[in-house]
Amino acid sequence: MKIFLDFDDTLFNTRAFAERVQGVFEEYGISRELFWSSYQDMKGAFLIGWCYSPEVHMQRLQPDHSFDIEQVRKKLGVLVADTRRFLFHEVKESLSFLKAVGHTLYILSLGDYGFQMEKIRGTGIDVFMEKVIVTQGDKAKALRDERVKGEGTWFIDDRVRFIESVKKTFPEVKTILMQRVGRYHQDEPNNFCDYVAQDLAEVVSILQRKQ
């Protein structure tokens, strides 16, 4: 089977990572309050289709706030070079098992291309993947671009809007909503979600039952 996996909040603890990014900014004079208020301002300006980039964030802050942008850039580079500690605990073992039993794995992630690829490569899980796809648009369109056929394909994401879009475009695709315990702004399942899982180990169990 082909299995398309979201990255943020599905495989990767994005909340913990974002807190560490904020900590880097704070080390160089950008307070926690300023970091998050400016983050929300950027997000609000785009409404939809926005993907976080620390480079853009720095550029937005620099005209009005004094900090060493090169030092922040360097420290963030060290952070994203090794992001293994932000993987959820069961992810590496589960991916290794899925690949070993013959499934073809893909990451299909929404994000700023450069930053997202750095985060993913830093985890080391790209070695399990047939391909890593980073998009700033609709994930169903990304699947169309990959010439995906619905039968024999699974799609796992923590966002219902992407599951809806994929299911409407490819009705044969089986979908799993990832609902990790403690996830903020948790989406609730609807009729487009074939299954719900709390972690990747549970995804493995679902796939084993359906083979």
Side-chain angles (χ1 to χ4, degrees), residues 1-21 39 42-43 46 48-57 76-77 79-92 94-96 98-99 103-148 153-167 169-170 173-180 183-187 192-193 197 199-200 203-204 207:
M1 292 187 290
K2 290 185 176 181
I3 304 170
F4 289 84
L5 297 135
D6 175 47
F7 182 70
D8 285 305
D9 299 308
T10 296
L11 307 178
F12 187 79
N13 190 335
T14 307
R15 186 174 190 174
F17 177 75
E19 289 288 343
R20 186 66 195 98
V21 171
Y39 174 96
M42 289 191 300
K43 186 176 182 179
F46 282 83
I48 59 172
W50 176 73
C51 300
Y52 180 72
S53 163
E55 185 65 34
V56 172
H57 200 168
L76 287 172
L79 175 64
V80 298
D82 184 0
T83 52
R84 289 173 294 178
R85 66 188 180 278
F86 300 106
L87 285 174
F88 290 110
H89 69 91
E90 83 291 350
V91 164
K92 189 172 181 180
S94 298
L95 292 177
S96 179
L98 289 171
K99 186 174 177 63
H103 297 301
T104 306
L105 308 179
Y106 301 79
I107 286 175
L108 176 50
S109 178
L110 181 75
D112 173 82
Y113 182 82
F115 185 50
Q116 203 71 351
M117 288 298 294
E118 286 184 298
K119 283 163 55 184
I120 293 167
R121 289 178 183 134
T123 66
I125 62 171
D126 53 315
V127 299
F128 300 114
M129 302 299 156
E130 181 74 13
K131 188 173 183 180
V132 175
I133 306 160
V134 176
T135 181
Q136 289 188 315
D138 183 60
K139 291 188 178 182
K141 181 181 183 306
L143 290 179
R144 284 199 304 271
D145 292 343
E146 293 297 315
R147 299 184 180 180
V148 166
T153 299
W154 289 71
F155 177 75
I156 298 102
D157 206 290
D158 69 309
R159 290 299 188 191
V160 166
R161 66 186 176 98
F162 290 127
I163 287 178
E164 283 190 16
S165 178
V166 166
K167 194 73 170 176
T169 305
F170 302 97
V173 167
K174 296 297 183 184
T175 61
I176 301 176
L177 176 66
M178 182 66 78
Q179 276 197 325
R180 288 191 176 272
R183 170 77 164 88
Y184 57 101
H185 305 310
Q186 186 78 267
D187 281 3
F192 295 96
C193 306
D199 58 29
L200 201 60
V203 169
V204 170
L207 292 170

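What you see is a predicted model, and the numbers here were worked out from it, not measured in a lab.
Atom-to-atom distance recorded for Asp126:CG and Met117:CE is 7.0 Å, nearest 0.5 angstrom. Atom OG1 of residue Thr83 and atom CD of residue Glu118 lie 9.5 Å apart, to the nearest 0.5 angstrom. How far CD of Glu164 is from CG of Leu177: 10.5 Å, rounded to the nearest 0.5 Å. The structure places OG1 of Thr153 at 8.0 Å from CG of Leu143, a figure rounded to the nearest 0.5 Å. Taken to the nearest 0.5 Å, the NZ atom of Lys167 stands 9.5 Å off from the SG atom of Cys193. In this structure, His89 NE2 and Ser94 OG are separated by 8.5 Å, a value rounded to the nearest 0.5 Å.
The number of heavy atoms from other shown groups lying within 6.0 Å of CZ (Arg84) does not exceed 12.
In this structure the side chain of Thr123 never reaches within 4.5 angstrom of the side chain of Leu11, judged on heavy atoms. When side chains are defined from C-beta on, Val132 does not count as touching Ser109, because their heavy atoms never get closer than 4.5 Å. When side chains are defined from C-beta on, Phe170 counts as touching Arg144, because their heavy atoms get closer than 4.5 Å. With a 4.5 Å cut-off on side-chain heavy atoms, Gln136 and Tyr113 do not count as touching. Contact of the Ile125 side chain with the Ile107 side chain is registered, since non-hydrogen atoms from C-beta on lie closer than 4.5 Å. In this structure the side chain of Val203 reaches within 4.5 angstrom of the side chain of Met178, judged on heavy atoms.
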Report the C-alpha distance between Leu98 and Phe128 in whole Å, list the side-chain angles of each, state the deciding distance to 0.1 Å, and finish with yes or no for side chain to side chain contact (heavy atoms under 4.5 Å, CB included). CA-CA 9 Å; Leu98 289 171; Phe128 300 114; over 6 Å; no
Would you please test Leu207 and Trp154 for side chain to side chain contact (heavy atoms under 4.5 Å, CB included) and show each step? CA-CA 9 Å; Leu207 292 170; Trp154 289 71; 3.4 Å; yes
Check the pair Leu95 / Met129 against side chain to side chain contact (heavy atoms under 4.5 Å, CB included), numbers first and verdict last. CA-CA 9 Å; Leu95 292 177; Met129 302 299 156; 3.8 Å; yes
For side chain to side chain contact (heavy atoms under 4.5 Å, CB included), just list the numbers for Lys131 and Glu146, CA-CA rounded to whole Å, side-chain angles, deciding distance to a tenth of an Å, and then say yes or no. CA-CA 10 Å; Lys131 188 173 183 180; Glu146 293 297 315; 2.9 Å; yes
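Of the possible donor and acceptor atoms, none in the side chain of Gln186 sits under 3.5 Å from a partner among the backbone N and O of Asp158. Using a distance-only test at 3.5 Å, with no hydrogens or angles considered, no donor-acceptor pair links the side chain of Thr14 to the main chain of Asp8. Arg180 places no side-chain N or O within donor-acceptor distance of the main-chain N or O of Asp199, the cut-off being under 3.5 Å. In this structure a side-chain-to-backbone donor-acceptor pair under 3.5 Å is present from Thr175 to Phe192.
Taking the six-membered ring for Trp, Phe7 and Phe12 have ring centres closer than 6.0 Å.
Between Phe4 and Tyr106, the ring-plane angle classifies as parallel under the 30° and 60° cut-offs. The aromatic rings of Phe86 and Phe17 stand perpendicular to each other, their planes meeting at an angle above 60°, with 30° marking the opposite boundary.
In terms of heavy-atom proximity, Ala142 sits nearest to Leu108 at CB-CD1, 3.8 Å. In terms of heavy atoms, Ala140 sits closest to Thr169 at CB-OG1, 3.5 Å. Closest approach of Ile176 and Ile163 over heavy atoms only: O-CD1, 3.7 Å.
For the pair Lys139 and Phe162, the cation-pi test (distance below 6.0 Å, angle within 45°) is passed.
A salt bridge links Asp187 with Arg159; the closest basic N to acidic carboxylate O contact falls under 4.0 Å.
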